[in-house]
Every structure is written in C-alpha cells, then in structure tokens.
Number of protein chains: 2
Amino acid sequence: MENNAQNTEDRILEAARTVFHRKGFNGARMQEIATLANINKALLYYYFRNKELLFERVFNDTFSQLAAKIGDILMSDMPLMSKVEGFGNLYPNFISEHSYVMQFLINALQDRPERLRDIIMKQNINPCLFLEKIKKQLRDEMGIDMDPLHLYVNLLALVIFPVVARPLLQSIFSLSDEKMAMFLEERKTIIPVFFNNAMKGYEKDKSLV
Amino acid sequence: MENNAQNTEDRILEAARTVFHRKGFNGARMQEIATLANINKALLYYYFRNKELLFERVFNDTFSQLAAKIGDILMSDMPLMSKVEGFGNLYPNFISEHSYVMQFLINALQDRPERLRDIIMKQNINPCLFLEKIKKQLRDEMGIDMDPLHLYVNLLALVIFPVVARPLLQSIFSLSDEKMAMFLEERKTIIPVFFNNAMKGYEKDKSLV
DNA sequence: ATGATGTTTAACCAAATGGTTTAACCAAAC
DNA sequence: GTTTGGTTAAACCATTTGGTTAAACATCAT
C-alpha cells in the first residue's frame with residue numbers, strides 16, 4: 001500500500017519533471033502530466049494541491065540534483081585541469097538523459113529570480129566556496145592570480161551553451177542530428193584543450209608582470 | 001492617415017516584441033500586447049489575424065535583425081582578433097536594449113525547430129560562409145588549421161551564455177544588479193584576452209607537429 | 001467486519017483567453 | 001457631403017484549463 005503510494009508519487013514527479021522541463025510552467029498542462037503518470041487528474045491534485053506547488057517541487061529537485069553533481073566535481077581534490085575535463089564530460093552525459101534541464105532552470109529563474117534564494121539557503125550548498133577553491137587551485141597549481149568567477153563562467157559557458165542552443169545551432173548550420181551529436185561529443189576533448197591553452201596564456205602574462 | 005496607420009502597426013510590433021521576448025508564446029497575452037500598444041484587442045486582430053501570425057512576424061524580425069548584425073561583423077575585412085573584440089562588444093550592447101532576444105530565440109526554436117529553416121532560405125544569409133571566412137582567416141593570419149565551428153561556438157558561448165543565464169548566475173553567486181552589470185562589462189575585455197590566449201596555444205601546438 | 005488510504009469516474013465550476021461581431025465614431029480623400 | 005479606412009467600445013462566443021466534488025470501489029491493517 002505505502003509502497004504503491006510512494007510509487008505513484010514518484011511516477012507523478014517523474015512525469016511532471018518531463019513535462020515541465022520540456023514545456024515550462026506555462027506550456028505544461030496538468031492533464032498531460034496526469035496522463036503521462038497513468039493516473040487521472042483528481043489523483044494528481046490529491047497528491048499535489050496545485051500546479052505551482054508541483055512546479056516548485058520539480059524545480060527544487062532538479063536544481064538540487066544538478067548542484068550536487070557540480071559540487072562533487074568542484075569540491076573534490078582533483079587538480080584543476082582534471083576538474084575541467086570532468087566538467088566537460090559531466091554535463092553532456094547528464095543532459096543526454098535530461099536534456100532540457102538547463103533551459104528549464106534558466107527560464108524558471110527568468111520568470112521569478114527569487115526562486116533560488118530560498119533553496120540555496122536551505123540546502124547546504126555554498127557556491128562561493130567553489131570560487132574560493134578554484135582561486136586557491138589557480139594560485140597553487142598554476143601560479144595564476146585572477147578572478148575565479150570569470151573563469152568558472154567561461155567553463156560553464158563552453159560546456160552548457162552548445163547544448164542549450166542546440167536547436168538554434170542545428171538550424172543555422174544545417175546540422176543533422178547525427179552530426180550534431182558528433183559535434184557535442186568532440187567538445188568533450190576540445191573544451192579542455194581550449195581551456196588549457198587559455199590558461200597557459202595567463203601564465204605567460206604573469207611572467208611578464 | 002496612412003502615416004498614422006503605419007505608426008500603429010509599428011507600435012503593435014514593438015509591443016508584441018516586448019511581450020513575446022519576455023514571456024514567450026505561451027506566457028504572452030494578446031490583451032497585454034494591445035494595452036501596451038495603446039489600442040484595443042479588436043484593432044490588434046484587425047492588423048494581425050491571430051497570435052501565431054503575430055508571433056511568427058516577431059520571430060522573423062528578431063532573428064533577421066540579429067543575424068544581420070552578426071553577419072556585418074563576421075564578413076567584414078577586420079583581422080580575426082578584432083572581430084572577436086567586436087563580438088564581445090556587440091552582444092552586450094545589443095541586448096542591453098533587447099535583453100531577452102537570445103533566450104526568446106532559443107526557446108522558440110526549442111518548441112519548433114523548423115521555424116528557422118524557412119527564413120534562412122528566404123534571407124540571403126548563409127551562415128556557412130561565416131565559417132569558411134573564419135577558417136581562411138585562421139590559416140592566413142595565425143597559421144592555425146582547425147574546425148572553425150568549434151571556435152565560433154566557443155566565442156558565441158563566452159559572449160551569450162552569461163547574459164542568458166544571468167538570473168541563474170546572479171542567484172547562485174548572490175550578485176547585486178550593479179555587481180552583475182560590472183561583471184558583464186568586465187567580460188568585454190576578458191573574453192578577447194581569454195580567446196586570444198587560447199589561440200596562441202593552438203599556434204604552439206602546431207609548431208610541435 | 002470496519003475503517004483508513006489510495007484510486008477511479010465523471011460531472012462540474014469559474015476564470016482566463018483567443019477570437020469575433022456589430023455599431024458607432026472620426027478624419028481625411030474624393 | 002459622402003465615402004473610405006482606421007479606431008473604439010462593448011458585448012459576446014467557444015474552448016481550454018486549473019481546480020473541485022461526490023460517489024463508488026479496492027485493498028490492506030486492525
């Protein structure tokens with residue numbers, strides 16, 4: 001009984017995740033979520049009082065899950081460049097299964113930027129620690145003293161953007177699905193190289209000062 | 001009279017742009033567009049038969065405008081690195097006025113990827129020419145022989161991502177609006193440097209081969 | 001058996017929203 | 001001065017959609 005109940009809640013959440021991720025809050029229909037979860041609307045509202053609450057739950061779950069994965073990599077004791085590589089792999093892998101995650105998060109926050117503040121507090125995640133850690137590793141491992149935020153955003157950009165803008169890029173450059181998949185696969189090696197090269201440049205800069 | 005009419009159509013389009021850009025197709029309300037354009041709903045439908053048509057018009061206009069600006073830079077005769085710099089400036093400037101443009105385009109294409117194919121054909125824009133040009137400049141100016149698509153996507157990523165993900169980044173790293181504005185401003189110089197450094201790395205690679 | 005919990009069915013409601021219609025108004029063009 | 005096209009006001013319609021309700025049923029624990 002409880003087992004089955006838990007199962008239903010999970011099925012609802014999974015369905016809700018799928019629909020919200022793909023269509024956002026406004027595009028999603030409660031009926032669609034119910035159908036996908038193999039239940040009827042009444043039961044859906046029996047588990048989650050309303051659309052907002054369900055959406056919030058999905059948003060929180062999604063963000064926490066992604067944040068945990070990123071945190072694992074960034075706070076580990078790997079050398080910086082291994083982290084960069086790990087990052088390049090994590091994301092395309094993660095989103096091959098959850099391909100709309102990032103888009104979803106960005107849009108949800110565009111609508112209501114205050115959404116994150118609460119859950120970042122509740123969660124024990126502190127993104128600024130990431131930056132400290134990166135800064136320290138930069139100094140210790142490569143002798144570079146620079147703003148870690150720009151560096152981190154650069155990395156995020158290189159990894160995330162091509163996936164988020166995928167349909168745009170595919171249309172503009174007439175890439176078939178296979179070619180696009182190959183392109184994204186190539187980036188797993190291209191990004192670390194690109195990043196590494198850029199870093200070496202900063203080392204040189206430093207020796208000039 | 002005609003003058004006034006033209007004026008009304010423009011006002012409608014401007015209002016529609018604003019609302020669609022910020023809220024997307026599903027989030028936008030025809031009444032809101034009418035109100036913003038200072039007309040009533042009847043007149044809105046008198047000018048544009050329905051929501052879809054109006055949206056399509058806005059999408060086409062938006063894409064063409066952005067494509068033209070990008071094309072101007074990429075197809076000019078500037079050296080590659082000046083283009084990179086021009087790019088870093090173009091985008092934040094363009095979107096300080098139209099800050100939801102990219103988000104809007106990405107979402108619209110997520111919904112219906114076929115949207116772009118038609119208008120790219122009609123337009124005399126050929127994005128693949130960009131790539132050829134870049135590839136040639138890479139070879140001639142820097143002696144580098146590599147896939148220009150990755151390079152171009154890298155540049156787009158570095159420039160566009162921080163703006164699109166702005167609310168996400170601001171929340172995560174608790175940046176005030178002023179700090180975030182400063183951060184984006186800094187990137188105008190940081191991106192070219194980063195990019196330049198990475199390029200130098202490829203030159204070295206080549207000399208090793 | 002009884003009662004609590006999960007579940008379905010199906011009807012229902014209210015509000016929002018895309019879209020239409022009609023009559024009247026106004027300004028300029030003829 | 002009449003026609004014409006842009007414009008308004010206001011009512012209206014059909015549909016979608018978020019959300020509710022009530023009755024019946026299944027299952028399991030006690």
Side-chain angles (χ1 to χ4, degrees), chain A residues 1-62 100 104 107-108 110-112 115, chain B residues 1-62 100 104 107-108 110-112 115:
Chain A
M1 192 156 116
E2 278 177 14
N3 187 8
N4 204 348
Q6 184 62 26
N7 222 317
T8 299
E9 186 169 338
D10 283 351
R11 261 174 25 237
I12 293 179
L13 282 174
E14 197 190 324
R17 228 177 293 138
T18 303
V19 176
F20 278 133
H21 282 185
R22 279 173 169 66
K23 313 203 171 176
F25 183 82
N26 286 314
R29 302 285 157 241
M30 293 299 266
Q31 181 58 58
E32 194 184 351
I33 294 173
T35 304
L36 189 61
N38 267 316
I39 58 169
N40 59 8
K41 220 172 38 156
L43 192 60
L44 180 55
Y45 280 96
Y46 174 78
Y47 274 87
F48 296 90
R49 251 195 291 295
N50 58 48
K51 198 183 183 184
E52 294 256 354
L53 282 177
L54 182 54
F55 183 83
E56 217 139 277
R57 174 67 181 275
V58 167
F59 179 83
N60 287 6
D61 289 357
T62 303
Y100 298 81
F104 164 78
N107 282 327
Q110 195 85 263
D111 283 356
R112 293 235 303 269
R115 260 202 189 103
Chain B
M1 193 156 116
E2 280 177 13
N3 186 9
N4 205 346
Q6 184 62 26
N7 222 317
T8 298
E9 187 169 338
D10 284 349
R11 260 175 23 237
I12 292 180
L13 282 175
E14 197 190 324
R17 226 177 295 138
T18 303
V19 176
F20 278 133
H21 283 186
R22 277 175 171 66
K23 315 203 171 176
F25 183 82
N26 286 315
R29 302 286 158 240
M30 293 300 266
Q31 181 56 59
E32 195 185 349
I33 294 173
T35 304
L36 190 60
N38 267 316
I39 58 169
N40 62 3
K41 223 173 32 160
L43 192 60
L44 180 56
Y45 281 96
Y46 174 79
Y47 274 88
F48 297 89
R49 251 196 291 294
N50 58 47
K51 198 183 183 183
E52 293 256 355
L53 282 177
L54 181 55
F55 182 83
E56 217 139 278
R57 174 67 182 276
V58 167
F59 178 83
N60 287 8
D61 289 357
T62 302
Y100 297 82
F104 164 78
N107 282 325
Q110 195 84 264
D111 282 356
R112 294 233 305 268
R115 264 206 184 100

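Chain identifiers are assigned alphabetically (A, B, ...) following the order of the sequence lines, protein sequences preceding nucleic acid strands; residue numbering begins at 1 within each chain.
- Within residues 29-40 of chain B, the residues approaching DNA chain C are B/R29, B/M30, by heavy-atom distance under 4.0 Å.
- You'll find that the side chain of B/A42 is closest to D/dA9, out of D/dA9, D/dG19, C/dG19.
- Neither OP1 nor OP2 of C/dG6 sits under 4.0 Å from any side-chain N or O of A/T8.
- Atoms CD (B/E52) and C1' (C/dT17) sit 15 Å apart, rounded to a whole Å.
- Summarising the geometry, the separation between CZ on B/F55 and P on C/dG18 is reported as 13 Å, rounded to the nearest angstrom.
- The nearest whole Å value for the distance from the CZ atom in A/R11 to the C1' atom in C/dT7 is 11 Å.
- B/F55 meets the ring pair (Phe, Tyr, Trp, His ring centres under 6.0 Å) test with B/F20, B/F25, B/F104; sequence neighbours excluded.
- The distance between atom NZ of B/K41 and atom P of D/dA10, rounded to the nearest whole Å, is 14 Å.
- For the residue pair A/T18/A/E14, the side-chain donor-acceptor check at 3.5 Å is not satisfied.
- The CG-P distance, from B/L43 to C/dC26, rounds to 17 Å in whole Å.
- Residue A/Y46 places its side chain closer to C/dG6 than to any other of D/dT20, C/dG6, D/dT7.
- A sub-4.0 Å separation between OP1 or OP2 of C/dT7 and a side-chain N or O of A/Y47 is present.
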